[in-house]
Amino acid sequence: MNQESNKITLMLMAGMAGMLMLFISILLIFIFMQRKKLQYKMNLQALQNAQKNQLIAAAVRSEEMEKLRIAEELHDEVGAILGASSLHFYGINLDNCDETSKEMYAKSKSLLDEGISKIRGISHNLHSNILQELGLKEAISHFCDKIGHSSLINISLDLQDRHNTKASPDDISIYRVVQELLHNINKHAKASNIHISSASTNNQLIFTITHNGNGITQNQFEELRFTKDGLGLKNIQNRMIMLKAGLNFSEQAGHYQIELKIPVGERKPNDK
Amino acid sequence: MLKIFQLVLDWSEVWALFTPITILMVKQQPAKLKLVVAYVWAALIINLAIDLVWKFRMLLPADYNSNNFLYNLHSTVRFYLFSAFFIHLQQPFLVKVKKIVPVCFTLFMIINFTFFENFFDYWKFSNRLLSIEAALLLFYVLQYYLFKINDNIGTKITDNVFWIVTGLGIFVALNFFIFLLYNELTIRFQRFAISLWSVHNISYIILNLFLAKGFYESGKQ
């Protein structure tokens with residue numbers, strides 16, 4: 001009787017331990033396999049992101065190269081032809097001409113000068129020599145001078161001196177984003193006062209653009225990203241992905257603010 | 001001190017249920033967990049009745065002071081609700097088997113309680129019913145893990161269903177042999193059988209903690 005009771009107790013204990021062991025083993029296998037699958041999925045995602053970033057970087061690079069090529073063609077070919085035309089134009093003798101001809105000459109000369117100036121403007125917009133030679137601070141300052149003068153906008157700058165060096169590929173992207181944002185502020189927000197400042201923390205470079213126009217908030221920006229397929233927004237997005245940067249739109253007391261945060265730790269060693 | 005601890009354990013089948021119920025009060029649950037939610041409420045009513053009958057057995061008429069049939073009822077309710085829960089998870093794995101199991105269980109109940117046992121037995125609960133219920137629920141739990149292991153979609157490991165299934169798995173794995181041999185043990189070593197029921201109570205607390213965690217997780221999703 002006692003032996004049989006002990007046998008039941010032993011069976012019970014062994015059974016409970018066996019069941020628990022079986023359950024725990026399957027649970028551990030389950031957790032191990034799920035973690036492995038998740039790891040694989042994350043690696044795949046990282047690989048896809050890296051490929052996507054490489055494609056964007058290549059697209060942005062080729063866009064810059066194309067801009068440079070067009071800028072050089074315009075400057076060296078069309079600019080040179082227009083310059084030579086202008087020289088020849090100045091050599092025309094108007095002594096024996098009537099008043100109508102003189103008027104037409106003056107009009108043509110002014111149109112030719114305007115054409116030369118426009119070609120130079122487009123060429124500089126496409127490829128900023130100032131950015132290449134003097135750096136981001138000078139390029140942004142020069143660009144602001146141009147906008148401020150042409151459309152009666154007051155633009156103030158408070159940029160760090162660290163941008164006062166030769167441009168890196170990242171600086172070109174930052175310049176393009178700032179350029180696009182200023183274009184949009186000018187075109188859509190109709191701002192009369194714009195302030196651009198920059199600051200840097202240990203691992204971030206922060207550009208802040210504040211304006212008094214009819215700007216947008218972060219939610220509106222997110223909506224525009226999905227509803228509009230404008231080239232400007234696409235350009236901004238691609239360059240943000242390439243820079244691994246963040247863009248934040250906000251509004252405070254009637255003033256709109258755009259904050260561009262670029263991680264400096266992620267930049268390549270040869271970048272400035 | 002030991003007496004207080006024992007009292008707390010004795011009533012654990014009721015108070016442990018208040019952990020998932022508290023979460024249910026705060027967080028709305030998705031449709032796939034409705035059957036588990038139904039189990040929690042049903043279990044609260046049945047367990048409360050079990051403990052009240054046991055506590056006031058001296059005051060009740062002799063024919064009505066046994067709570068053993070309520071354990072049978074709890075086991076039946078638990079099996080049907082959890083088997084329906086597993087079937088409604090829509091996992092394309094052993095689909096037919098999962099649907100046949102409740103039918104087999106129903107047949108077993110009809111045959112067992114018609115010819116072999118009495119559902120309303122005054123002296124003991126049906127250890128055959130409880131142990132078969134535990135084995136079948138363990139089958140459902142294991143097939144859930146096996147499906148997830150074979151599944152190619154890598155999702156978050158610890159989602160709401162995982163916590164519920166794991167809690168149930170621990171409970172049935174620990175209790176299968178307790179249910180199977182409990183009646184035998186009460187005849188041979190009553191004291192040991194009573195202390196073994198504390199293991200059941202502890203595993204029931206664990207089940208409820210896991211249910212609460214599952215309900216809490218679904219609030220996050």
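Not measured: the values here are computed from a predicted model. Order of the sequence lines sets the chain letters (A, B, ...), proteins ahead of strands, with each chain counted from 1.
- The contact between A/M13 and chain B is made entirely by side chain atoms (from C-beta outward), counting heavy-atom distances below 4.5 Å.
- At a 4.5 Å heavy-atom cutoff, A/I24 makes no contact with chain B through either its backbone or its side chain.
- Surrounding CZ of B/F18 are at most 12 heavy atoms belonging to other residues, nucleotides or ligands under 6.0 Å away.
- Both the backbone and the side chain of A/M19 come within contact range of chain B, with heavy atoms under 4.5 Å apart.
- For B/I187, no part sits under 4.5 Å from any heavy atom of chain A, backbone or side chain.
- Here the shortest heavy-atom pairing between A/M16 and B/F177 reads N-CD1, 3.7 Å.
- Heavy-atom contacts from other residues, nucleotides or ligands closer than 6.0 Å to CD of A/Q48 number more than 12.
- What you find for B/K148 and A/K37 is that their closest heavy atoms are O-NZ, 2.5 Å.
- Chain A forms more heavy-atom pairs under 4.5 Å with one residue of B/V165, B/L146, B/T166 than with any other, namely B/T166.
- For A/E66, the salt bridge (Lys or Arg N to Asp or Glu O under 4.0 Å) partners are A/R69, not counting sequence neighbours.
- Heavy atoms of B/L174 lying under 4.5 Å from chain A belong to its backbone as well as its side chain.
- Heavy-atom pairs under 4.5 Å with chain B were tallied for A/A14, A/G15, A/A17; the largest tally goes to A/G15.
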Give the C-alpha distance, both sets of side-chain angles, the deciding distance and a yes or no for side-chain contact (heavy atoms from CB on, under 4.5 Å) between A/L12 and B/F192.
-> CA-CA 12 Å; A/L12 175 75; B/F192 179 65; 3.9 Å; yes
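- Atom OH of A/Y40 has 12 or fewer neighbouring heavy atoms from other residues, nucleotides or ligands inside a 6.0 Å radius.
- The number of heavy atoms from other shown groups lying within 6.0 Å of CD1 (B/I4) does not exceed 12.
- For B/I149, the parts lying near chain A are the backbone and the side chain together; criterion is any non-hydrogen pair under 4.5 Å.
- Remark: B/K99 NZ is loosely packed, at most 12 non-hydrogen atoms of other residues, nucleotides or ligands lying under 6.0 Å away.
- Taking OG1 of A/T9 as the start and CG of B/L181 as the end, the distance is 9.0 Å to the nearest 0.5 Å.
- Open room surrounds NE2 on B/H88; 12 or fewer heavy atoms of other groups in view lie less than 6.0 Å from it.
- Residue-level contacts of residues 135-145 of chain B with chain A, in order of numbering, are B/L138, B/V141, B/L142, B/Y145; threshold 4.5 Å between heavy atoms.
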